[in-house]
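Residue numbers begin at 1 in each chain, while the letters A, B, ... track the order of the sequences.
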There are 2 protein chains.
Amino acid sequence: MNNVNSDLKIRGRNPRGEGEKLRATLLEAATELLAESEHPERVSVRGIARRAGVSPTAIYLHFESREQLFRAVSEECFAELGAAMCAAGPDAGGEPRDQLAAMGHAYLRFARERPGHYAVLFQRQITPEADEDDDEPKVGMDVFESLVGVVRRCGVPEADAFDLGVVLWMALHGRAAVASAMPGFPFPDEDRYIELLVDRVLA
Amino acid sequence: MNNVNSDLKIRGRNPRGEGEKLRATLLEAATELLAESEHPERVSVRGIARRAGVSPTAIYLHFESREQLFRAVSEECFAELGAAMCAAGPDAGGEPRDQLAAMGHAYLRFARERPGHYAVLFQRQITPEADEDDDEPKVGMDVFESLVGVVRRCGVPEADAFDLGVVLWMALHGRAAVASAMPGFPFPDEDRYIELLVDRVLA
DNA sequence: AATCTGAGTTGACATTGTTCATTTACAGTG
DNA sequence: CACTGTAAATGAACAATGTCAACTCAGATT
């Protein structure tokens, strides 16, 4: 069932000044492997290097550690998830309530169709440090903001919008995570789940 | 910060017929280490053996693999979580609505105070196989049942009780998981979160 | 031509999960 | 008591992992 060893790309050294290209190549390789394995902890530094056609240690020219490499992948994935959700919701127009449901579906679909990517999003200590540097918009925060925006447009009291956004998000994440950890759990249908969730949360 | 090597218990071989005792000792050692590290993936078979005062291979007399050992720990933890929730909720009496809130708090407290144990609960593929053997009550299912029971007693339509129980549980798990993965996230206060959650979910 | 430096590699180390062959020590029999 | 079957556990070894320090190698700069 495992790849035998066909996963190495022939690649020469990058010309001067373009060393950063390897960084992108590595991210791509890591992303591919995560997409294939759905078990992030089983994706190895050496496997990524092999896939990228480069020696394992080359990774350490661009990332401090395996963990930081995964963090970088996770940021990319978060951006993608956000894009998918925004495309389904705010950017698609329609009733705010329907936008909310569509965003929920997009979220669960992402988690279902790309479990490896989704899992990497919520490994421990994802937040870079969560300290004072407020300048960087904290990847993933903006898509959350936009969710809260839609909640707001649904007409909930201003004071509750943020907190209800959190509840919504957490209920989505909870379902996605448990669905992947306990495949046998008798979840209600995805449509039903989201309908119920949106209905209840929006008073 | 790491233990130097003071973690080995002197222990002689078990008398005949009582070999099963090591199984318990191993579970205990694993549980302790998980409690200390809060990163399940960094708790090693060899570390557990060292803590139990036994050779690494002895583990394989009682568990098929590291994964199965962890699964066993996870089942114990699930039972404890269930006990904590039931003690706070149904067994404590009072208004069903308050019971629900108390169960929620118990859940979040467990996750907060014992992150290592909580994390091991929701690693991938926890469910033994999720196949036809319906006889075993699927650890963790019973505590979920009791949550649904309380929801039912809150007077929600019979047809919705189960599904709303799921929503509640998922919102709890979502918050617990994200709180641990993204310590910086600006969650609403725990009381506020649960109050909001219970209020909304119970129509 | 000599040097510097960016881009990568080699080889090694300490750990890890796991297997197989082996040893130890207890309990019952002769 | 000595003997033996076997439960309980060990030790050596394997392949794989993350990471580090020292090295190569080619293109740019002087």
Base versus backbone protein contacts along nucleotides 7-16 of chain D [heavy-atom cut-off under 4.0 Å; B, S, -]: BBBBBBB---
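Using a 30° and 60° split on the angle between ring planes, His117(B) and Phe110(B) fall in the tilted class, from 30° to 60°. Classified by interplanar angle (parallel below 30°, tilted 30° to 60°, perpendicular above 60°), the ring pair His173(B)/Tyr118(B) is tilted.
Protein atom CD of Gln68(A) is 14 Å distant from nucleotide atom C1' of dG18(D), rounded to whole Å. One atom, CD1 of Ile59(A), and another, P of dA21(D), lie 18 Å apart when rounded to the nearest Å. Counting to the nearest Å, the P atom of dA7(C) and the CZ atom of Arg23(A) are 14 Å from each other. Straight-line distance from the CD1 atom of Ile48(B) to the P atom of dT16(C): 11 Å, rounded to whole Å. If you measure from atom OH of Tyr60(A) to atom P of dG18(D), you get 7 Å, rounded to the nearest angstrom. Atom P of nucleotide dG18(D) and atom CZ of Phe70(A) are separated by 8 Å, given to the nearest angstrom. The interatomic distance linking Arg66(A) (CZ) with dT16(C) (C1') rounds to 13 Å, in whole Å.
The distance from the CG atom of Asp199(B) to the CZ atom of Arg200(A) is 12.5 Å, given to the nearest 0.5 Å. With values rounded to the nearest 0.5 angstrom, Ile48(A) atom CD1 is found 12.5 Å from Glu28(A) atom CD.
Both tests pass for Arg66(A) against the ring of Phe70(A): distance under 6.0 Å to the centre and angle within 45° of the axis.
Between Leu147(B) and the options Leu164(B), Asp142(B), Leu100(B), a side-chain contact (heavy atoms from CB on, under 4.5 Å) holds for only Leu100(B).
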